[in-house]
Amino acid sequence: MGFPHQPHPKETVVLSQYFGDPDARTYKGWVKRGGYEALRNALATAPAAVVEQVKESGLRGRGGAGFPTGLKWSFMPKAKTRPHYVCVNADESEPGTFKDREIMRWTPHALLEGAAIAAHAIQAEVVVIYIRGEFTEPWAITEKALAEADAAGVFGTIKVYLHRGAGAYICGEETALMNSIEGKRGNPRIKPPFPAVAGLFGMPTTINNVETLAAVPHILNRGAAWYRGLSLSNPQSTGTKLFSVCGHVQRPGNYEVTLGFPLKDLLYDLCGGPLPGRTLKACIPGGSSVPILTREETEACLLDYEGVVASGSMLGSGGVIVFDDSTDMVYQIMRLARFYAHESCAQCTQCREGTAWTTKILERILAGQGKTEDLDLLLDLSENMTGKTICVLSDSCAAPIVSGIKKFRGEFDAYLAGARSPVPVG
Amino acid sequence: MAEGVITLTIDGVPVSVPPGTLVIEAAKQAGVLVPHYCYHPGLEVAGVCRMCLVEIEKAPKLQIACATTVTEGMVVKTQTVQAKDARQGVLEFLLINHPLDCPICDQAGECELQDFVFQEGRAATRYGEFAKRFNPVEDFGPDILYVPNRCILCTRCVRFMEDLAREPVLNVSERGDRAFVGIHPDARLDHPWAGNVVDLCPVGSLLSKDFLHKARAWELDKTPSICTGCSQGCNISLDTREEVVVRVRPRSNLEVNQYFICDHGRMHYPWMNRGDRIEAPLVKHNGELRATDWEEAFDRVVTILRGAAGGGKAVAIVSPGASSEALALVKRLLSGFDWKGAFQVVMGDEAPLPGVPNLALRAERVPNAKGAERLGYTRDYAAALAAAATASVVFVLDDPDCGVQTAGALIYAGTVLPAESTCRNADVVLPIANVAEEEGTFVNRDGREQRYFPAKPAPGMAQPAAWVFGELVAAMGLAEAQR
Ligand SMILES: Cc1cc2nc3c(=O)[nH]c(=O)nc-3n(C[C@H](O)[C@H](O)[C@H](O)COP(=O)(O)O)c2cc1C
Ligand code: FES
């Protein structure tokens, strides 16, 4: 990935080529590296043709859902009767995910260029970049890059705004993000209507993740066929993806690999494997919201949208959280549940009450006061929290609980049987 | 498939509804009440409580009936195991932090949480020994208390204040299970229509101070009535307990007041329970009013009218809160006279509910001015009072403070007779029922004729004014003559 360590030979360096190179942050430095070439070409191409290229590339959303980007763009009304908006989702708050931050820190112009191309493709006059509130450094760098780009006139009549989040995970959900920009409480909206029909300020809107948009200039520069060719396993998953690896590995960090890359190689080769004397126990491959994989599942998993699903989880945001044999899975699952209980927007009953209740049960189990029926209760509550709410925050809380109990039941049972000494949770 | 109509089945019952109808509304036509909390037909859809989950054939997962519009051939099932389990789950989640203090809660008996838990909830809790969330009771406004512990965060109150009152002083504060309904620190819930949040609250979280601990819901009798607070004619229910009006609530009428009433109307009832009522007919003997029976009172009135009839002048000073029936009969009773009828309108400030077209607390604070005008009564009150001085007969209908003076005969029909009222000079006093004690019709400012019904008996011998004047019209032989 280039920063903080040299790219590993097995990486496919596209997005992360200039990570660690401060000169690439500047407008001049970016242009010197071929920047804004793709935008210039795009502006000379009909919007529909740009959408077509992105469709052909097979690029899918890197924000978590993996929705085909070109298809999403094509949902925008062709006949323009109202203003169109592009929203850039730079709220990156999913635990274990820190790739968008690196894109903004090192190659802010890649994001700006991608956003400008998207604006042209969907005929938007306004781009709003919603940056996570805690991202002070990415904010400052992106702000500076935007000022430079504006001064150089790269956006023409397109207006680009930076909007700073105020520290809510839920504001990464696309419609909550739009409410937040509008000055409202960051609550997800009921869908339909989808953003392409009624998004920001009720106008047709396309929202994309930072990494999704940063890939677009490369696709236009090198061609859809090249991008589509970047696929090691399933042809439905194309291109490169940044994986943020954290937890029990020797070299945590961001790694860029072609989709379909074996998770085992990512962890053992690129990240240097477990810490000395330790062995891999479990892994969450797609940010905290997806089911946990066992060691066996992890080592057999191919990192693309279909591969991770086949292994029993989801690719999600590409935040890879690694646990070695020293890990107390019950404790880790409690910490995840606690995060969701803290971040639930409180709209939907199941999420508001369920995230808090499941957290309390997990805390009780850890404190050695669990009841034999607690695991069934957790599974039943998780069932009630899945597929029934406006957004998937509630499902995200249930996913690690259900998979955790299924795959690491012995650890829960040890607490319940009093065979494990209680952990103070405060 | 008929034009402009969508046909679907709900629990096996086919229904046809206009396009755009929500499944929850279509279900009502099939006789199916889908359990719900955040949905209210008078408010914007929120879709947050997730109580109305139903199964819709071909949909990949359960859908909320309150935000799903009907499509042709849709098959909706509300009673499948999945749907019932999902709703039972919601009820369980709502109850874990709900205090179950129903025995001291005003909402008990008309609580949607109680009702649906009884209908499809679990028999026992699985929340165990965890402590429930606790927040102290808050004073939200002149008549409103907020009990956060009972709140299920359906946001009906928040949406009412934001979208209909357009005074967004309420919000959902905090996140997760710490959330509660918050009020702007510098604001009070004192909008002229704020009281509706108490009715909208599906549980006992928003309470009326006026009604606090006054009655249990199941002790109340409800009578359809019309608000007498202004000329809007809002449809209301008079809630009585042991023949005392204890509460006024809106009754839905989409053409007049939708689901709402203003606070002025809501509080416009204590006088209905006045104890200082005239309970028997009074007739003047040797300059003094004496209680008597209806027969003698009627005889006296007939004697007065017969003696004065034929070219004499008559004046009727009437209350614009009297029923159109009573006003019509007074007019008929005076048909042999050169008569003049007038009423006085009390005025106040107009206070609209901005989110609902043509709904306001009207400046005219009387319910039947339009009805009186239609019958030929005028607003020329001063002229009528002046004419009364020389008229041979003056009728006053429930306007004891009019200050009337006359050289002729004075007949007063009313509910009360204050010590300083000039109506104490009357030759005959006829005790009548008030609006809560009779059946009648008002005509609202838009010309809509609306009936109201008796909620409690009139005191003593008092009778509805329409009955009193009907008897007199008959005694005068005018009933046939007019046909
Ligand atoms: C609770 C929640 C949090 C989310 N947070 C983020 C986020 O921080 N960043 C992001 O790009 N997408 C996030 N998403 C996904 C977005 O809703 C949306 O799918 C994404 O921005 C679409 O962009 P893409 O198609 O380019 O991936 C979140 C979704 C949910 C339900
Ligand atoms: S009534 Fe449908 S979600 Fe609340």
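We use all heavy atoms of the structure for the numbers below, so side chains are in, but hydrogens, waters and symmetry mates are not. In what follows, every chain begins at residue 1, and chains take the letters A, B, ... in the order their sequences are listed. Fair warning: this is a prediction, and the values are worked out from it, not measured in the lab.
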Those residues that, when tested against B:Cys201, pass side-chain contact (heavy atoms from CB on, under 4.5 Å) (two or more places apart) | B:Val203, B:Ser205, B:Leu206
B:Thr69, part contacting chain A, at a heavy-atom distance under 4.5 Å = neither
Top contributor to chain A contacts, counting heavy-atom pairs under 4.5 Å, from B:Val45, B:Ile96, B:Leu53, B:Leu62 | B:Ile96
Tell me, out of B:Ala67, B:Gly128, B:Gly47, B:Cys38, who's got the most heavy-atom pairs with chain A below 4.5 Å.
-> B:Gly47
Side chain proximity check, B:Val15 to B:Thr7, heavy atoms < 4.5 angstrom | no
Under the side-chain hydrogen bond (donor to acceptor under 3.5 Å, both in side chains) test, residues paired with A:Glu306 that sit two or more places apart = A:Arg60, A:Ser237
Quick one: sort the B:Tyr259 and B:His40 rings into parallel, tilted or perpendicular, breaks at 30° and 60°.
-> perpendicular
Residues in residues 174-185 of chain A that sit under 4.5 Å from chain B, counting heavy atoms only | A:Arg185
Determine the option with the most heavy-atom pairs under 4.5 angstrom with chain A, choosing from B:Arg133, B:Glu92, B:Arg126.
-> B:Arg126
Can you label the angle between the A:Tyr130 ring and the A:His163 ring as parallel, tilted or perpendicular, going by 30° and 60°?
-> parallel
State, with a plain yes or no, whether a side-chain heavy atom of A:Glu173 is found less than 4.5 Å away from one of A:Cys391.
-> yes
Main-chain N/O of A:Gly199 paired to A:Arg189 side chain as donor or acceptor, under 3.5 Å = yes
Would you list the pairs meeting ring pair (Phe, Tyr, Trp, His ring centres under 6.0 Å) in which at least one residue belongs to residues 155-186 of chain B, sequence neighbours left out?
-> B:Phe160-B:Phe260
